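The structure appears right after this line, and notes come after that.
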Amino acid sequence: MIFSLFFIHFLDYRLKLVHSYTLMKLNNKTSKRLFKKAQNYLVGGVNSPVRSFNAVQGSPLFISKAKGPYIYDEDGNKFIDYIGSWGPLILGHSDKDVVSAIKKTASKGTSYGAPCELEIEVAKLVVKSVPSIEKVRMTNSGTEATMSAIRLARAYTGNDYIVKFEGCYHGHPDYLLVKAGSGATTFGNPSSPGVPKSFTDKTLLAKYGDINSVEKLFKKYPDNIAGIIIEPVCGNMGVVVPEKKFLADLKRITKKHKSLLIFDEVMTGFRLDMGGVQKRFGVIPDITCLGKIIGGGLPVGAYGASKKIMKMVSPEGPMYQAGTLSGNPLAMSAGFATLKKLNSKTYKYLEDTTAELVDGIEDIISKSRIDANINQIGSMFTIFFTKNEVVNYKSALKCDTKKYGAFFKNLLENGVMFPPSQFEAVFVSTSHTKKEVNKTLDAVYKSFKDLN
Ligand SMILES: *Cc1c(COP(=O)(O)O)cnc(C)c1O
């Protein structure tokens, strides 16, 4: 995420919007000053586009610290945080066990460029938890994980074509930055300058949840598709949950064509279950990408598969992939400390807490005159500002993003931080309690009232 495809899609539209909103009740003087300063040295003042608050016509808040469910800005404002660093912080901010693990490791060195035991511990936990993974390779980001997973699928099958879905975000490898929703065309068009057309002409686009759109592609290229990559529950067009049958059909089709099914569980891995969507839905892919939670808030990604498939990867096999800081001891200690604390009780708690929040918000929506509805699974959800159900990219694009921007702003003024874009997931952590849920519902109520 941090840069979903919609970001580009809406760029033109957003630039036409006149001014950024003013916050009435919040003092954001320091943030504004820092943002101005940051723009002198950093592109757009940020290191990842969505942080700029462009998608909500705003100017970003600079953060001074965060603890549990709370995040504080440089002006001393306190918010209940539902971004959770875009997914990794399932235990909330600066969890004491995670922080102490990082400190303990840091005192013994920050990087060795040689193997250490912590890497085995994390890998063992991943292999034990995620059904499709027998062997794993750590990377430094989710982008690296998906990039390598595609290379692996191509190396293993000897085929070049890959299928991706409109609205799914897999980081920013060139051939996955393909404009979604370009209608009649089957071939992908690059959605960013700097990506040569020849890099994306092996990327085929299908419609999320629509098995016919996938079958058509396999009919056209029965023996040339290396794999299908998908967010098995999508978080990057906002939350969209597919039918289990859809995922099972993808498995069937890839198997039939000796092609590989790649689940990008960078967001959903350890978020919906220890075993991700694949465990929860009982559909086991060939390759799985992980990231976010497995790094416990430090930079990490990973990809894994059966021993047979992973045998392709260097040094066991010919497919090259490497990383100076891969399996970094600090990242491994944060990840291990996080994963160790997760169990079925964690997910039950997250599910119950999120359900309470979502039920409350649905009640508020139904009593308002605003067209909105919620997609939710486990501890992730999105409030879509549209009257129609959001099931794919096309229906997501029907949302009133301006209204979302106004809602986001109202929430901030009432002490709650939601993601600064309509097309992102809200994340609940184990540090969110009844107290925060009630405060949030109060803020949502006031925010909806001010939208009327
Ligand atoms: C966040 C995300 C990525 C990219 O991970 P980075 O660490 O930001 O490179 C890839 N796929 C999905 C599904 C994601 O949510």
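Computed from a predicted model, the values in this text were never measured in an experiment.
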Give the intermediate values and the outcome of side-chain contact (heavy atoms from CB on, under 4.5 Å) for residues Gln278 and Val283.
CA-CA 5 Å; Gln278 54 196 270; Val283 178; 5.9 Å; no

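- With a 4.5 Å cut-off on side-chain heavy atoms, Ile80 and Lys439 count as touching.
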Decide yes or no on side-chain contact (heavy atoms from CB on, under 4.5 Å) for Thr338 and Phe270, but give the supporting numbers first.
CA-CA 10 Å; Thr338 301; Phe270 293 92; over 6 Å; no

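- Environment of CD in Glu215: crowded, with over 12 heavy atoms of neighbouring residues, nucleotides or ligands closer than 6.0 Å.
- For the atom pair CE of Met267 and CD1 of Ile293, the computed distance is 10.0 Å after rounding to the nearest 0.5 Å.
- Between Phe165 and Phe246, the ring centre distance stays below 6.0 Å.
- A donor atom on one side chain and an acceptor atom on the other are not found under 3.5 Å apart for Ser198 and Asp201.
- The number of heavy atoms from other shown groups lying within 6.0 Å of OH (Tyr112) is above 12.
- Side-chain atoms of Ser429 do not come within 3.5 Å of backbone N or O of Leu91 as any donor-acceptor pair.
- Proximity of a side-chain donor or acceptor of Ser395 to a complementary backbone N or O of Asn392 within less than 3.5 Å is detected.
- Between the side chains of Tyr208 and Glu231, no donor-acceptor pair is found at a separation under 3.5 Å.
- Of the N and O atoms on the side chains of Thr346 and Thr430, not one donor lies less than 3.5 Å from an acceptor on the other residue.
- The main-chain N or O of Tyr175 is found under 3.5 Å from a side-chain atom of Thr203 such that the two form a donor-acceptor pair.
- Judged purely by atom type and a 3.5 angstrom limit, Asn410 has no side-chain atom pairing as donor or acceptor with the backbone of Phe448.
- Across every non-hydrogen atom of Ile225 and Asn159, the tightest pair is O-ND2, 3.4 Å.
- You'll find the side chain of Val416 reaches within 4.5 Å of the side chain of Phe418, heavy atoms only.
- Taking all atoms of both residues into account, the shortest heavy-atom contact from Leu350 to Ser379 is CB-CB, 3.9 Å.
- The two residues Pro242 and Pro232 have their closest heavy-atom pair at CG-O, 2.9 Å.
- Although no hydrogens or angles enter the test, the distance criterion places a donor-acceptor pair under 3.5 Å between the side chain of Ser94 and the main chain of Ala66.
- The backbone N or O of Lys207 sits less than 3.5 Å from a side-chain atom of Ser213, completing a donor-acceptor pair.
- Between the side chain of Arg280 and the backbone N or O of Asp273 there is no donor-acceptor pair closer than 3.5 Å.
- You'll find the side chain of Ile162 reaches within 4.5 Å of the side chain of Leu176, heavy atoms only.
- Between the SG atom in Cys399 and the CD1 atom in Ile383 there is a gap of 11.0 Å [rounded to 0.5 Å].
- Under 3.5 Å, the side chains of Glu144 and Tyr303 contain no donor-acceptor pair of N or O atoms.
- Under the 3.5 Å distance criterion, the side-chain polar atoms of Asp264 are left unmatched by any main-chain donor or acceptor of Ile230.
- The salt bridge (Lys or Arg N to Asp or Glu O under 4.0 Å) analysis of residues 115-142, with sequence neighbours excluded, yields the pairs Lys135-Glu316.
- A donor and an acceptor atom, one from each side chain of Glu356 and Thr353, are nowhere located under 3.5 Å apart.
- Considering CG of Leu152 and NZ of Lys311, their distance stands at 13.5 Å, rounded to 0.5 Å.
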Using the rule given for ring pair (Phe, Tyr, Trp, His ring centres under 6.0 Å), can you reason through Phe408 versus Phe53, listing the C-alpha separation, both sets of side-chain angles and the distance that settles it, and then say yes or no?
CA-CA 10 Å; Phe408 166 81; Phe53 280 25; 5.2 Å; yes

How far apart are the C-alpha atoms of Tyr349 and Thr433, what are their side-chain angles, what is the distance that settles it, and do they pass the side-chain contact (heavy atoms from CB on, under 4.5 Å) test?
CA-CA 10 Å; Tyr349 176 82; Thr433 67; 4.0 Å; yes

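- Atom NZ of Lys251 is surrounded by more than 12 heavy atoms from other residues, nucleotides or ligands within 6.0 Å.
- Ser85 places no side-chain N or O within donor-acceptor distance of the main-chain N or O of Pro88, the cut-off being under 3.5 Å.
- With rounding to the nearest 0.5 angstrom, the CZ atom of Phe384 is 8.0 Å from the CG atom of Asn373.
- Annotation: side chain of Tyr347 is not in contact with side chain of Leu272 (no heavy-atom distance under 4.5 Å).
- At least one side-chain heavy atom of Lys341 sits less than 4.5 Å from a side-chain heavy atom of Asp95.
- Cys168 places none of its side-chain heavy atoms less than 4.5 Å from the side chain of Glu166.
- In terms of heavy atoms, Val136 sits closest to Ala302 at CG2-CB, 3.9 Å.
- For the 3.5 Å distance criterion, the side chains of Thr382 and Glu424 fail to qualify, holding no donor opposite an acceptor.
- Across Glu265 and Gly275, no two heavy atoms sit closer than the pair OE2-O, 4.3 Å.
- Nearest heavy atom pair, residue Ile370 against residue Ile365, reads O-CG2, 4.0 Å.
- For the atom pair Leu204 CG and Lys202 NZ, the distance stands at 9.5 Å (nearest 0.5 Å).
- Proximity of Asp81 to Tyr70: side-chain heavy atoms (C-beta onward) are nowhere separated by under 4.5 Å.
- Judged by distance alone, the side chain of Thr200 and the main-chain N or O of Val178 form no donor-acceptor pair under 3.5 Å.
- Using a 4.5 Å cut-off on side-chain heavy atoms (C-beta onward), Asn328 and Leu325 make contact.
- Donor-acceptor pairing under 3.5 Å is lacking for the side chains of His257 and Asp223.
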Before giving the answer on side-chain contact (heavy atoms from CB on, under 4.5 Å), spell out for Thr440 and Tyr82 the whole-Å C-alpha distance, their side-chain angles and the decisive distance to 0.1 Å.
CA-CA 10 Å; Thr440 305; Tyr82 287 95; 2.6 Å; yes

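- Distance OG1/Thr146 to CZ/Phe263: 15.5 Å, rounded to 0.5 Å.
- The cationic group of Lys403 does not satisfy the cation-pi geometry with Phe385, failing either the under 6.0 Å distance to the six-membered ring centre or the 45° limit from the ring axis.
- Checking each of Ile294, Val98, Thr105, Leu125 against Phe336 for a side chain to side chain contact (heavy atoms under 4.5 Å, CB included) leaves exactly one that passes, namely Leu125.
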